[in-house]
Chemist: 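Okay, here's the structure, questions in a sec.
Quick note on labels: first sequence line is chain A, next is B, and so on, each numbered from 1.
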Amino acid sequence: MSNKMKLSGLTDILKDLDVESLEGVTIEGDIELDISGGGGLNPAMAYALGHEAAQISLHVANIARMLGYPVDQLFAASMGGLPQVPVAGQSRIQELIPAKLDVAKMSEWATPIQEVTLGATSADGGSRKNTITLGGENALPYYFDAEMPHRNYVTMDVFDMPIGMAKSVKGNYEDVINDPAEWAKKVVRDFNADMVTIHLISTDPLINDTPAREAAKVVEDVLQAVDVPIVIGGSGNPKKDPEVLEKAAEAAEGERVLLASASLNLDYERVAKAATDHGHAVLSWTQLEINAQKELNRKLMKQCGVPRDSIVMDPTTAALGYGLDYAYTNMERIRLAGLMGDEELTFPMSSGTTNAWGARESWMKESPLNQDSDWGPREYRGPIWEIVTGLTLSLAGNDMFMMMHPTSVQVLKEITQTLYGSIEADEIDITNWVGAEV
Amino acid sequence: MKINSPLEAYKFLPGTNCGECGETSCMAFASHLIDRSLKATDCTPLVSEEKYKKKYDELEALLAPEIREVVIGVGEKAVSIGGDDVLHRHKLTFFNKTAFAYDVWDTMDEKDLVERVNKIQDFKKFYVGDFLTLDMIAVRSVSDDPAKFAAAVKKVMETTEFPMVLCSFNPEVLKAGLEVAAEKRPLLYAANKDNWQDVAALAQEYNVPVTVFAPNDLDMLKSLAKTFSENGIEDVVLDPGTFPTGKGLRTTFQNFLKIRRAGINGDRDIAFPIMAVPLTAWMAHDDDVSASYWETVVASVFTIKYGDIMILHSIEPYAQLPQVHIRDTIYTDPRKPVTVDPGVYEVGSPTADSPLLVTANFALTYYTVESDLSSNGIDCYLTAIDTDGIGVEAAVAGGQLTAAKIKKGLEDAGFDMKEKLNNNVIVLPGLGARLQGDVEDETGAAVMIGPTDSGRLPGWMEQNWPPKK
Ligand code: B12
Ligand code: SF4
C-alpha cells in the first residue's frame, strides 16, 4: 500500500472524524492554513483557530500513525525530547548562569542595646512569678545579622476608673470596668497579657483628683491580683504625676515596676528619684523628637543618676494614618543610632499602641464621607488598626507594646513571635500557589 | 545612584546657568538631581544639544537608581515599581509605592469576575485631600487550561484599565494570555527552575516584564535574574516565595532583607523589584476573617520591608483600609510636609452669620478639621494659615502659627471680615489659646477659643454659637 497521501485528501477524512466545527479553514498544499472569512484577525479568534488547528494536527498525526508514518520520532526530534510545545520563534536561552547571593552583615551595628529587666521574683525580694527582660539587640529586629535575644512583650492597659473606650474595646471590659484588680486578672488570665499597666488617671485634678496615697492602694491591689511584672502610669498631668508616681513607687517597693513617665515637661527629677529610691525602672517619654529623647535620657543618667539598666524609652506612637510615618521613622532612627554607638539612645523602647484607637478609622461606625468605599464593620476594623500600628513599630525596633484589644494582642504576639522565630507551624507548600483554590 | 553630592553631578551639566530648567543655576539644578526631585532630562540644553550627548549619557548612568525600575501596564493606569536608592526612608525617601494587585481566577464565573474586578477598581478611601486606591489585577490560572485563561484575561481587559499580572507556571497558559493581552504590557508570573526557558522566550517574544520565582532559594533566584538580564530581559521582578507562617515566614522576611541589601549595596544581578504574595495566607487559614487578618499582617510586613509589588486576595474593607494606609505611611516623602494651599475655604454654605475658624495648612490637620465640620453640616469659613505644613499644636510651639501669620493669611486671601461677616469674630483652635491677645491686637477682631480637638466642634458650636453679645 502506498504510504503517500495528499493533504487535500485529509480534509475529506477529517470530515468523518467529528471536526466539522472547523468551518472556513482548509488545509492546502504543503501544510498551509488558509483562513478565510474576511476582516482582521482578532486575538481571541486567532486563539480559537490555534486551538482548532492543534486539534486537527492531533487527528492528522493519528491518521499518519495509522498509515505507518513515523510520527513519534518526528515529533521527538523537533521538540528536543521535551513534551512541551515550543513557544517562541527566537533562539532560546540555553543555559542558566550559576550565581550565589552573598550578603554582608552590617559591620556598623557594633553596640548592643541595653538590657532592662522588669519585675522581681521572690529571689530578688519581689512577688512576681517571672521577670521580663527587654532589649539586648545587636541588629534591627528579626534581622539575620544577629539573633534577637528577647521576644516582644505586651502589657495591657487597666484604668483605675471607667473611661471612654471604642465600642469594640469596651465590650471586653464591661464586667471589670469598676474594679482594677479584677480587670488586671482578666487581661492576664483570659487575654494572655505578659504584663499589666495600671493607669492612675483618676488622680488628674481635672478628673477626680484622687489623692496620691489612695491611688497607691490601687497599685497594691493590682500587685496582689496578678503575678506578672507591672507598669504604673500617672494621669498625664505634669503637676500631679510626680507625686502620684512617688507614692506608687513606694507602694510597689521591691517589685521592680516601670514608672510611666518621666518627660521634659514635668519634674522628671522627682520621677527618676522615685524609681531609683525604690529599685524601679523609668519610662523616658518624649514626643517624636530624637534630640529631645537624647536630652531626656542624658538628664536621667547624668543629672538624676538613673542606672543604664533602668531606662526604657517611649518616643511616642502616632496611629496609622495619624502620623505613624513620623513615629516609625523616629523609632527606626533612634534604634539605628543606638546600634551605631550613640550611648544616649541604646535603650529598649515602648509604644503606646493603644493610641491607634484615636484614629477615626478604628472606631467610627462608617466613613463620614460618602465618596469613600464602604468601611465595613468596625468590630474588625478597630483591632487590625491597633495591630498594624504596633507591627509597624515592632519593625522599627520597638520592644514592648501597651495595648487594649484582646484580638490585637493575640495577633500582634503571633506575628512578632513568628518573625522572632519561636512559632512553629506546618510548612505550607507554595510552589503552586497560583493554582490554589482560595 | 552612583553619586551623592551636587558637585559630582554638576561636572556633567553645561555650566551656563541659562535657567531653562527653572533653577537659578546649574549647581541648584544639580542638587535637585541628587535629591531626585528633578531629572537630567529637565535640563533642555543637555538633552537637546549634540555636544553634551556624551555627558548626558554618562550622567544618566550615574543617576540610575540602584534598584531597577519596572513599568507594568500602559497608559494612565500603568504602574512603576522599584527604583529605590536607600534601605531606610529617612535617608532619602522610598519611590514608587508598593503596587497592590488583587487576584481573580479563571474558574470564576463571568458575572462574579466582573463584579470583583469592579469592586477592586472602584475602591477608594479619602485621605489628606486625595483618594487612596488600588492598582492592578492578578489573573490566576486555576484550570490550567489555556483557553479558559485567555477568556478570563480578556474579560478583565474589557472591564478595567488596571494593569495585569498573568499568573501560571504553564508556558502554554501564559502564551494564551499574552496573545490576548500583550499590548497591555502585563507582568508575567512566573519563570521557575523548570519552565524558565519557555517563559524567558515568551518575555522576549512579547516584550513584557517577567517575574522569576525561586521559593526560598536565593542563589537560584539570582541565577534566573542574571540569566534573564544578560540575555536582554531587563524588566525582571523577583519572587523569593512568601511562606505565610512559622519559620517559613521568618525566612521569607530575611530573604527580602538580603535581596534588598545586596541590591542597594551594588549587586546588579539582584537589584530588581521584589514581589510578595500575602495571598498565601489563605492557604494557611480556613475562615475568612483569620485569613484576611493574617494576609493584612503579612502584607504590612512586606510593605514596610521592601515589597515593591504584591498579590492579595481579601477585598474586605477591614483588610484593605489598613493596607492602603500603611503603604501611604511608608511611601510618604519624609522630606516634605504635606500641605494644603493657604487660604480661606468655604465649608458648606457659609453666610455673614457663620463663624470664621483658623487652622494650620498641614494637610492632616486641615482635612481632619474640614471633615469634622462638613460631616456635621457646619457652615463656616475655614482659614488654612501657612504654617509651613506643620500642625496646629507643633506650629504654635515652633512659631509658625502667630497672630501676624493669621492677619497675613486673611489679607492674602482677600478676606475682609468687615465686609463678609456680621460678627467680627475669629475662632482659634483650643491649642492656639495663647495667641488670643495677640490676634485681637493684630486684627481688631474678637477672638473665641474653640475646643482642643476639632472633633468636639459640633458640641462647642451648640453651646457657643452664635456668640453672646
Ligand atoms: C507630629 C508632631 C510633630 C511633627 C510635626 C509634623 C507636622 N507636619 O506637623 C514634628 C516632628 C516636625 C514636630 C516638631 C516639633 N514639635 Co511636635 N508633635 C507632634 C505630635 C506627636 C503630633 C502632632 C500632630 O500631628 N497632631 C495631629 C494634628 C491633626 O493635630 P493638630 O494640628 O493640632 O490639630 C488638632 C487640634 O489642634 C484641633 N484643631 C486644629 N485646627 C483647629 C481649628 C479649630 C477652630 C479648632 C477648634 C480646633 C482645631 O483639632 C485637630 C484634630 O484633633 C505632638 C504630640 C501629640 N499631640 O501627640 C507633638 C507636639 C505638638 N510637638 C511639640 C513640640 C514642642 C515640637 C517642637 C517644638 C519640638 C522641638 N523641640 O523641636 C518641634 C516644632 C517644629 C516646628 N513647629 O517647626 C509639642 C508642643 C508643646 C506645646 N503644646 O507647646 C507637642 C505637643 C509634644 C509635646 N508635648 O512636647 N512635632
Ligand atoms: S537648564 Fe541646564 S544648563 Fe541651564 S541652568 Fe539648568 S542645569 Fe544649567
Chemist: Measure distances from B:Ala200 to the heavy atoms of chain A and classify the residue's part below 4.5 Å as side chain, backbone, both or neither.
Modeler: side chain
Chemist: Check each atom of B:His325 against the heavy atoms of chain A and say whether the ones under 4.5 Å are side chain, backbone, both or neither.
Modeler: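 Both backbone and side chain.
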Chemist: Please classify the contact between B:Leu279 and chain A as side chain, backbone, both or neither, with a heavy-atom cut-off of under 4.5 Å.
Modeler: side chain
Chemist: So which of A:Ala396, A:Ser362, A:Gly421 has the biggest tally of heavy-atom pairs under 4.5 Å with chain B?
Modeler: A:Gly421
Chemist: Given heavy-atom pairs under 4.5 angstrom as the criterion, report whether the side chain, backbone, both or neither of A:Gln417 touches chain B.
Modeler: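 No part of it gets close to chain B.
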Chemist: To check you understand the geometry: which heavy-atom pair defines the closest contact between B:Gly246 and A:Thr418, and what is its length?
Modeler: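 Where B:Gly246 meets A:Thr418 most closely, the heavy atoms are O-CG2, 3.3 Å.
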Chemist: Drop me the distance from A:Tyr142's OH to B:Leu249's CG, to the nearest 0.5 angstrom.
Modeler: 11.0 Å
Chemist: Counting a contact as any heavy-atom pair under 4.5 Å apart, which residues of residues 431-438 of chain A contact chain B?
Modeler: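 Only A:Thr431, A:Asn432, A:Trp433, A:Val434, A:Gly435, A:Ala436, A:Glu437, A:Val438 of residues 431-438 of chain A have a heavy atom under 4.5 Å from chain B.
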Chemist: Top residue by heavy-atom pair count (under 4.5 Å) with chain A, among B:Lys119, B:Lys124, B:Glu316?
Modeler: B:Lys124
Chemist: For the NZ atom of B:Lys91 and the CZ atom of A:Arg333, what is their distance to the nearest 0.5 Å?
Modeler: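 B:Lys91 NZ to A:Arg333 CZ: 10.0 Å, rounded to 0.5 Å.
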Chemist: Measure the spacing between CG of B:Asn231 and CD of A:Gln94 and express it to the nearest 0.5 Å.
Modeler: 10.0 Å
Chemist: Output a table of donor-acceptor pairs, distance under 3.5 Å, between side-chain atoms of residues 381-393 of chain A and any protein atom two or more places apart or on a different chain; print 'none' if there are none.
Modeler:
{"unit_1": "A:Arg381", "atom_1": "NE", "unit_2": "A:Trp375", "atom_2": "O", "d": "3.0"}
{"unit_1": "A:Arg381", "atom_1": "NH1", "unit_2": "A:Glu361", "atom_2": "O", "d": "2.8"}
{"unit_1": "A:Arg381", "atom_1": "NH1", "unit_2": "A:Met364", "atom_2": "O", "d": "2.7"}
{"unit_1": "A:Arg381", "atom_1": "NH2", "unit_2": "A:Met364", "atom_2": "O", "d": "3.2"}
{"unit_1": "A:Arg381", "atom_1": "NH2", "unit_2": "A:Lys365", "atom_2": "O", "d": "3.0"}
{"unit_1": "A:Arg381", "atom_1": "NH2", "unit_2": "A:Gly376", "atom_2": "O", "d": "2.9"}
{"unit_1": "A:Trp385", "atom_1": "NE1", "unit_2": "A:Leu320", "atom_2": "O", "d": "3.0"}
{"unit_1": "A:Glu386", "atom_1": "OE1", "unit_2": "A:Trp357", "atom_2": "NE1", "d": "2.8"}
{"unit_1": "A:Glu386", "atom_1": "OE1", "unit_2": "A:His405", "atom_2": "N", "d": "3.2"}
{"unit_1": "A:Glu386", "atom_1": "OE1", "unit_2": "A:Ser408", "atom_2": "OG", "d": "3.0"}
{"unit_1": "A:Glu386", "atom_1": "OE2", "unit_2": "A:Met404", "atom_2": "N", "d": "2.8"}
{"unit_1": "A:Thr389", "atom_1": "OG1", "unit_2": "A:Leu320", "atom_2": "N", "d": "3.3"}
{"unit_1": "A:Thr389", "atom_1": "OG1", "unit_2": "A:Trp385", "atom_2": "O", "d": "2.7"}
{"unit_1": "A:Thr392", "atom_1": "OG1", "unit_2": "A:Val388", "atom_2": "O", "d": "2.6"}

Chemist: Identify whether the distance between the nearest side-chain nitrogen and carboxylate oxygen of B:Arg261 and A:Asp145 falls below 4.0 Å.
Modeler: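 Salt bridge: yes.
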Chemist: Does the side chain of A:Ile415 reach to within under 4.5 Å of the side chain of B:Tyr293, using non-hydrogen atoms?
Modeler: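 Contact flag for A:Ile415/B:Tyr293 side chains = no.
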Chemist: Taking CD in A:Glu95 as the centre, count heavy atoms belonging to other residues, nucleotides or ligands within less than 6.0 Å. Is the count above 12?
Modeler: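 No, the 6.0 Å shell around CD holds no more than 12 heavy atoms from other groups.
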Chemist: Using side chain to side chain contact (heavy atoms under 4.5 Å, CB included), reason through B:Tyr318 and A:Glu379 one step at a time and then give a plain yes or no.
Modeler: CA-CA 9 Å; B:Tyr318 59 83; A:Glu379 290 72 24; over 6 Å; no
Chemist: Any chance you could measure B:Asp269, atom CG, to A:Leu101, atom CG, to the nearest 0.5 Å?
Modeler: 9.5 Å
Chemist: Indicate yes or no for a side-chain donor-acceptor contact from A:Asp372 to the backbone of B:Phe126 under 3.5 Å, with no hydrogens or angles considered.
Modeler: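 Here the side-chain-to-backbone pair exists.
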Chemist: Can you confirm whether more than 12 heavy atoms, excluding those of A:Phe144, are under 6.0 Å from its CZ atom?
Modeler: yes
Chemist: Calculate, to the nearest 0.5 Å, the distance between atoms NZ and CG belonging to B:Lys258 and A:Asp102 respectively.
Modeler: 10.5 Å
Chemist: A:Gln371 versus chain B, heavy atoms under 4.5 Å apart: side chain, backbone, both or neither?
Modeler: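 Backbone plus side chain of A:Gln371, per the 4.5 Å heavy-atom cut-off to chain B.
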Chemist: Indicate whether the side chain of B:Lys305 and that of A:Tyr143 have a donor and an acceptor atom separated by less than 3.5 Å.
Modeler: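 Indeed, the side chains of B:Lys305 and A:Tyr143 share at least one donor-acceptor pair under 3.5 Å.
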Chemist: Looking at B:Thr329, B:Ile330, B:Ile311, which has the largest count of heavy-atom pairs under 4.5 Å with chain A?
Modeler: B:Thr329
Chemist: Do you know which of A:Gly321, A:Pro377, A:Ala104, A:Pro98 has the most heavy-atom pairs with chain B at a distance under 4.5 angstrom?
Modeler: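 Of the options given, most contacts go to A:Gly321.
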Chemist: Which bit of B:Asp106 comes within less than 4.5 Å of chain A, counting heavy atoms only: side chain, backbone, both or neither?
Modeler: neither
Chemist: Can you see which heavy atom on A:Ile428 is nearest to which on B:Met283, and at what distance?
Modeler: CD1-O, 3.6 Å
Chemist: Can you name the nearest heavy-atom pair linking A:Ile97 to B:Lys226, along with the distance?
Modeler: CG2-CE, 3.5 Å
Chemist: Hey, could you give me the CZ/CG distance between B:Phe253 and A:Leu395, rounded to the nearest 0.5 Å?
Modeler: 5.0 Å
Chemist: Could you have a look at B:Thr303, B:Leu218, B:Thr245, B:Ile304 and say which one has the most heavy-atom pairs with chain A under 4.5 angstrom?
Modeler: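 Highest number of heavy-atom pairs under 4.5 Å: B:Ile304.
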Chemist: Would you check if the side chain of B:Gln197 reaches a backbone N or O of A:Arg92 as a donor-acceptor pair within less than 3.5 Å?
Modeler: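 Pair absent, no side-chain N/O of B:Gln197 close to backbone of A:Arg92.
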Chemist: Of all of B:Tyr189, B:Trp105, B:Trp282, which one pairs up most often with chain A through heavy atoms under 4.5 Å apart?
Modeler: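 Max contact count across the listed options: B:Tyr189.
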Chemist: Under a 4.5 Å heavy-atom cut-off, does chain A meet the side chain of B:Thr242, its backbone, both or neither?
Modeler: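 Answer is backbone: N, CA, C or O of B:Thr242 sit under 4.5 Å from chain A.
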Chemist: Give a yes-or-no answer on whether the side chains of B:Ser371 and A:Arg360 include a donor-acceptor pair shorter than 3.5 Å.
Modeler: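 Judged by distance alone, the side chains do pair up.
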Chemist: Check each atom of A:Ser394 against the heavy atoms of chain B and say whether the ones under 4.5 Å are side chain, backbone, both or neither.
Modeler: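 For A:Ser394, neither part sits under 4.5 Å from chain B.
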Chemist: Under a 4.5 Å cutoff for heavy-atom pairs, which residue among B:Asp328, B:Val128, B:Val301, B:Leu132 has the most contacts with chain A?
Modeler: B:Val301
Chemist: Please state whether the side chain, the backbone, both or neither of A:Leu336 comes within less than 4.5 Å of a heavy atom of chain B.
Modeler: side chain
Chemist: Checking B:Gln320 against chain A: side chain, backbone, both or neither under 4.5 Å from a heavy atom?
Modeler: neither
Chemist: Please lay out, stage by stage, how B:Arg250 and A:Glu147 fare under the test salt bridge (charged side-chain N to carboxylate O under 4.0 Å, His left out).
Modeler: CA-CA 12 Å; B:Arg250 174 181 158 89; A:Glu147 287 294 319; 3.2 Å; yes
